[in-house]
Amino acid sequence: MFLAMRAEVEEALTAALDRLGYPTDDLGIEEPPEDLDAVLASSVAFRLASEAATPPPAVADELADAIDAGPQEYIGRVETRGPYLNFWPSERYFAETLAEAQSGEFGTLPDRETSVVVEHTSANPTGPVHVGRARNPIIGDALARVLEYAGYDVERHYYVNDAGRQIAVFTWAYDFFDEADLPEPERESPEYEMVRYYRAANTYLEEEADEESVEAAEAEIQSIMQGLEEGDESAYDRVGEVVDTVLGGMRDTLERLPAEFDEFVKETRFMRDGSTDEIIDRLKNTEYAVYEDDAWQLDLPEIDKNLVFVREDGTSLYTTRDLAHHEWKFDNFDEAVTVLGEDHELQARQLRSALEILGNDTDRLGTVHYSWVTLPEGGMSTREGTGIDLDDLLDEAIDRARQEVEDRLEDRIRDDDLSEEDIDRIAHQVGIGAVRYDIVSKQPTKGITFEWERALDFEAQSAPYVQYVHARASGIIAEAHDENAVDPDGLDIDVDASDLDTDAERTLLREIARFPAVIEEAAEDLQPHVVATYTRDLAEAFNTFYRECPVLDADDETRDARLALVVAARHAVGNALDAVGVQAPDSM
RNA sequence: GGGCGCUUAGCUCAGCUUGGACAGAGCACUUGGCUUCGGACCAAGAUGUCGCGGGUUCAAAUCCUGCAGCGCCCA
């Protein structure tokens, strides 16, 4: 109802301004400070004061009178406080919020009939997924979920860099080294087994081999790359075997988050189908193309650095192939969103600019950048084998969560004997949830230094705090279910929201009402972290309500109204967690 | 050298896109609350040169500009 109320406030304010002969271009809509339980406010009076030659508070009063005159559904009353206009919700606002949130779909916005492809992770298939890049699948998956809630038709893609030099080196190494000479893998999983060849190759080329051996290896690596460039099927097969094996293992790790993909799109696909060559031809014919230092470049407007799109040796570059990739996205989807590390910032700007030059509407392209997770001693590298594997982080998180559950087992008030399976389930939900929540709740552009204690802190403003609210709400509903056979997914009782008249109940209902607007904002700005911030506010409102308002022991009318409120809160908190990819346990 | 990003309480972070009501949370610290639906909770207290300087404005954490520290990028 928040969205509807905001629309109504905008309309009423515009009409009032119009009637009084004021400009309506800037309504100054904002949210009121916390000590006011109004839902919306406006500071427009400040801006009109000089024009009206009247002090702001007087203008505000004048506007309030003008608005009062009109008919309203969700605006209960308008009051001024100094120069500010504050809008209080009507009884109907609360009643409809309560009714709307009885649905398990609460927070899902109407279908936009717009398809969007979310590309995320896209890490080079060279070895185990490490924590340095772990923000990508977590942010990317949350973003995809938020967009689905916002009514988009979403596909998740992983773009596989299978054409770069690193992969050619890897392919050469896979043939060159004998497994017997390699160290034991850190885990029994394909990517851990395979990365040994990759690391051995880099050590060999950089430190161990004599000049002659390096030359021989380089010749082989070059021939693999040339083979790909020329469409040699045997080169694709050799590279494909290595890439698919490593990727298979990485995929298993990502599924633990869970981050799943609808499609793994290979870079070589756009070499094989000729679209990269076509892009090169078209770029050469644009007015921005220059031939300098034996390479074809684009002299992009507003970007100092030229974009090289054909190398000296005639081969294409990563970005050239990515241009073909993006035109393919534009052919198949209405919008495209990409989650990229901060190191791709320049590339992304060049890509956008080049796509524009090629005649594409780049408003359809959205980009989210995130900073690395680093260790106190520095960055993480697959090649050097420095860093924390995501598998290890998740294992540790689950172990610590399990320990936490077991420690709390004795002083549980609720006598619902947890089985071994329950403990295992909770450990997974809480452990993985805590990791995801910690990452998704921060702005992606801020750097994170990884520290075990901090990453696995279950107190703080963390997932378990919010998950606990869901478990509490579920507990109450289950109990009510036992007593009255109510449907836990929505109460079919005739409920009057006006029975919910304490501050705690009203505050909770106002928080619940905001959820769809939060989804809309997160989707619009591609910022899933605002949903995480919201879950905390909602959880806090619920806990205050929980403390002050007994549900099952209240008199019949109040009990039914409060039960409906608990159902609504459960849907809001459950779906908000779901939107950022954190599981909502029914018990913990 | 050039470009992009970050800097808010002792610590971890919201708020900045669209300037507006005393800058908000959590952790840690002090205190109170379990015969009551789940204490991974609630309530109260204390905590700030919003990196530094200048500018625009009735009004700046928010916009512009210079600088510093850190991170990243420049076939």
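In what follows, every chain begins at residue 1, and chains take the letters A, B, ... in the order their sequences are listed. Fair warning: this is a prediction, and the values are worked out from it, not measured in the lab. These numbers come from the heavy atoms of this one structure, side chains and all, not from hydrogens, waters or symmetry mates.
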- Query: By centroid distance (under 5.5 Å) and plane angle (under 30°), are Y84(A) and A21(B) in a stacked arrangement?
  - Reply: yes
- Task: Could you tell me whether the side chains of R77(A) and N86(A) share a donor-acceptor contact shorter than 3.5 Å?
- Result: no
- Note on the structure: Taking a pair to mean Watson-Crick or G-U wobble geometry with both distances below 3.5 Å, G71(B) pairs with C4(B)
- Query: Could you go step by step and tell me if R400(A) and E453(A) meet the salt bridge (charged side-chain N to carboxylate O under 4.0 Å, His left out) rule?
  - Reply: CA-CA 11 Å; R400(A) 292 195 192 199; E453(A) 292 309 320; 3.4 Å; yes
- Take the protein atom CD of E451(A) and the nucleotide atom P of C27(B), then report the distance between them rounded to whole Å. 19 Å
- Item | Nearest-neighbour nucleotide for the P32(A) side chain, G3(B), G20(B), A21(B) considered | A21(B)
- Message: In terms of relative ring orientation, are Y318(A) and H344(A) parallel, tilted or perpendicular, with 30° and 60° separating the classes?
- Response: perpendicular
- Message: Distance check needed: U36(B) P versus D553(A) CG, whole Å only.
- Response: 11 Å
- Note on the structure: With sequence neighbours left out, the residues meeting ring pair (Phe, Tyr, Trp, His ring centres under 6.0 Å) with F46(A) are Y84(A)
- Task: Under 4.0 Å between any heavy atoms, over every strand shown, what does A49(A) touch: base, sugar-phosphate, or nothing? Just pick one.
- Result: nothing
- Message: Pairing check on C11(B): which nucleotide meets the Watson-Crick or G-U wobble criteria with it, both distances under 3.5 Å?
- Response: G26(B)
Quick test: give all pairs of protein nitrogen or oxygen and nucleotides 10-14 of chain B nitrogen or oxygen below 3.5 Å, distance rounded to 0.1 Å.
{"from": "A14(B)", "atom 1": "OP1", "to": "Q443(A)", "atom 2": "N", "distance (Å)": "2.5"}
{"from": "A14(B)", "atom 1": "OP2", "to": "K446(A)", "atom 2": "NZ", "distance (Å)": "2.8"}

- Checking all strands, does S371(A) fall into the base, sugar-phosphate, or nothing category for heavy-atom contacts under 4.0 angstrom? nothing
Atom pairs under 3.5 Å, N or O on each side, protein against nucleotides 62-65 of chain B: can you list them with distances?
none

- Query: Choosing from C42(B), G38(B), A40(B), which nucleotide comes nearest the side chain of I426(A)?
  - Reply: A40(B)
- Quick one: on RNA chain B, does Q297(A) or D35(A) contact a more 5' nucleotide (nearest heavy atom)? D35(A)
- With respect to the side chain of P550(A), which nucleotide from C72(B), C74(B), C37(B) is positioned closest? C37(B)
- Query: Between G15(B) and G33(B), how far is it from one P atom to the other, in whole Å?
  - Reply: 37 Å
- Message: Taking 4.0 Å as the cut-off, does a side-chain nitrogen or oxygen of Y546(A) come that near to OP1 or OP2 on G39(B)?
- Response: yes
- Considering non-hydrogen atoms only, spot the tightest contact between E540(A) and Y465(A) and give its length. CA-OH, 3.4 Å
- Determine the interatomic distance between C1' on G48(B) and the same-named atom on C73(B); round to the nearest Å. 35 Å
- Message: Taking G54(B) as the reference, what is the distance to A46(B) when you measure between their P atoms (whole Å, please)?
- Response: 32 Å
- Query: Quick one: do D294(A) and R311(A) make a salt bridge, cutoff under 4.0 Å?
  - Reply: no
- Does A21(B) have OP1 or OP2 sitting under 4.0 Å from an N or O in the side chain of R81(A)? no
- Polar contact flag, side-chain donor to acceptor under 3.5 angstrom, R562(A)-T558(A): no
- With salt bridge (charged side-chain N to carboxylate O under 4.0 Å, His left out) as the test, would you mind laying out the steps for E267(A) and R321(A) before giving the verdict? CA-CA 7 Å; E267(A) 195 179 354; R321(A) 300 186 285 266; 2.5 Å; yes
- Query: In whole Å, what is the span from the CG atom of D586(A) to the P atom of G38(B)?
  - Reply: 14 Å
- Item | Rounded P spacing from C50(B) to C63(B) in Å | 16 Å
- Can Y468(A) be classed as stacking with the base of G38(B), given a centroid separation cut-off of 5.5 Å and a plane angle cut-off of 30°? no
- Are there more than 12 heavy atoms of other residues, nucleotides or ligands under 6.0 Å from atom CD of E406(A)? yes
- Message: Does L307(A) reach a base, just sugar-phosphate, or nothing at all? Heavy atoms under 4.0 Å.
- Response: nothing
- Considering heavy-atom distances to RNA chain B, does E548(A) or E345(A) have its closest nucleotide positioned more toward the 5' end? E345(A)
- Message: If we ignore hydrogens and angles and just use 3.5 Å, is the side chain of S587(A) paired with the main-chain N or O of A471(A) as donor and acceptor?
- Response: no
- Between G3(B), G20(B), C37(B), which nucleotide gets closest to the side-chain atoms of R47(A)? G20(B)
- Searching all strands shown, indicate the nucleotide that pairs with C50(B) (Watson-Crick or G-U wobble; both distances under 3.5 Å). none
- Query: Using the C1' atom in both, what is the distance from C16(B) to A23(B), to the nearest Å?
  - Reply: 12 Å
- Query: Within the pair N543(A) and C42(B), is there a side-chain N or O less than 4.0 Å away from OP1 or OP2?
  - Reply: yes
- Message: Is there a side-chain contact between T544(A) and the phosphate of A43(B), meaning an N or O under 4.0 Å from OP1 or OP2?
- Response: yes
- Message: What contact category does V566(A) fall into here, base, sugar-phosphate, or nothing, at under 4.0 angstrom with non-hydrogen atoms?
- Response: nothing
- Query: Heavy atoms under 4.0 Å, any strand shown: does D525(A) hit a base, just sugar-phosphate, or nothing?
  - Reply: base
- Task: Give a yes or no on whether the backbone of T502(A) and the side-chain of E505(A) come within a donor-acceptor separation of less than 3.5 Å.
- Result: yes
- Ignoring hydrogens and geometry, is there a side-chain-to-backbone donor-acceptor pair from E342(A) to T445(A) under 3.5 Å? no
- Task: Starting from C1' on G38(B), measure out to CG on D422(A) and report it in whole angstrom.
- Result: 15 Å
- Query: Quantified in whole Å, what is the P atom distance between nucleotide U62(B) and nucleotide U8(B)?
  - Reply: 14 Å
- Distance, C1' atom - from U56(B) to A14(B), rounded to whole angstrom: 27 Å
- Using purine N1 to pyrimidine N3 plus N6-O4 or O6-N4 for Watson-Crick, or N1-O2 and O6-N3 for G-U wobble, both under 3.5 Å, which nucleotide pairs with C58(B)? G20(B)
- Scan N306(A) against the nucleic acid and name what it touches under 4.0 Å (heavy atoms): base, sugar-phosphate only, or nothing. nothing
- Message: Nearest to the side chain of V430(A), heavy atoms from C-beta on, is which of C42(B), A75(B), A40(B)?
- Response: A40(B)
- Message: In whole Å, measure the gap between the C1' atoms of G5(B) and A28(B) for me.
- Response: 30 Å
- Message: At 4.0 Å (heavy atoms only), tell me whether N86(A) reaches a base, stays on the sugar-phosphate, or touches nothing.
- Response: base
- U35(B): pairing nucleotide in any strand, Watson-Crick or G-U under 3.5 angstrom: none
- Indicate whether OP1 or OP2 belonging to C42(B) is found under 4.0 Å from a side-chain N or O atom of Y465(A). yes
- Do S43(A) and E30(A) have side-chain N/O donor and acceptor atoms under 3.5 Å apart? yes
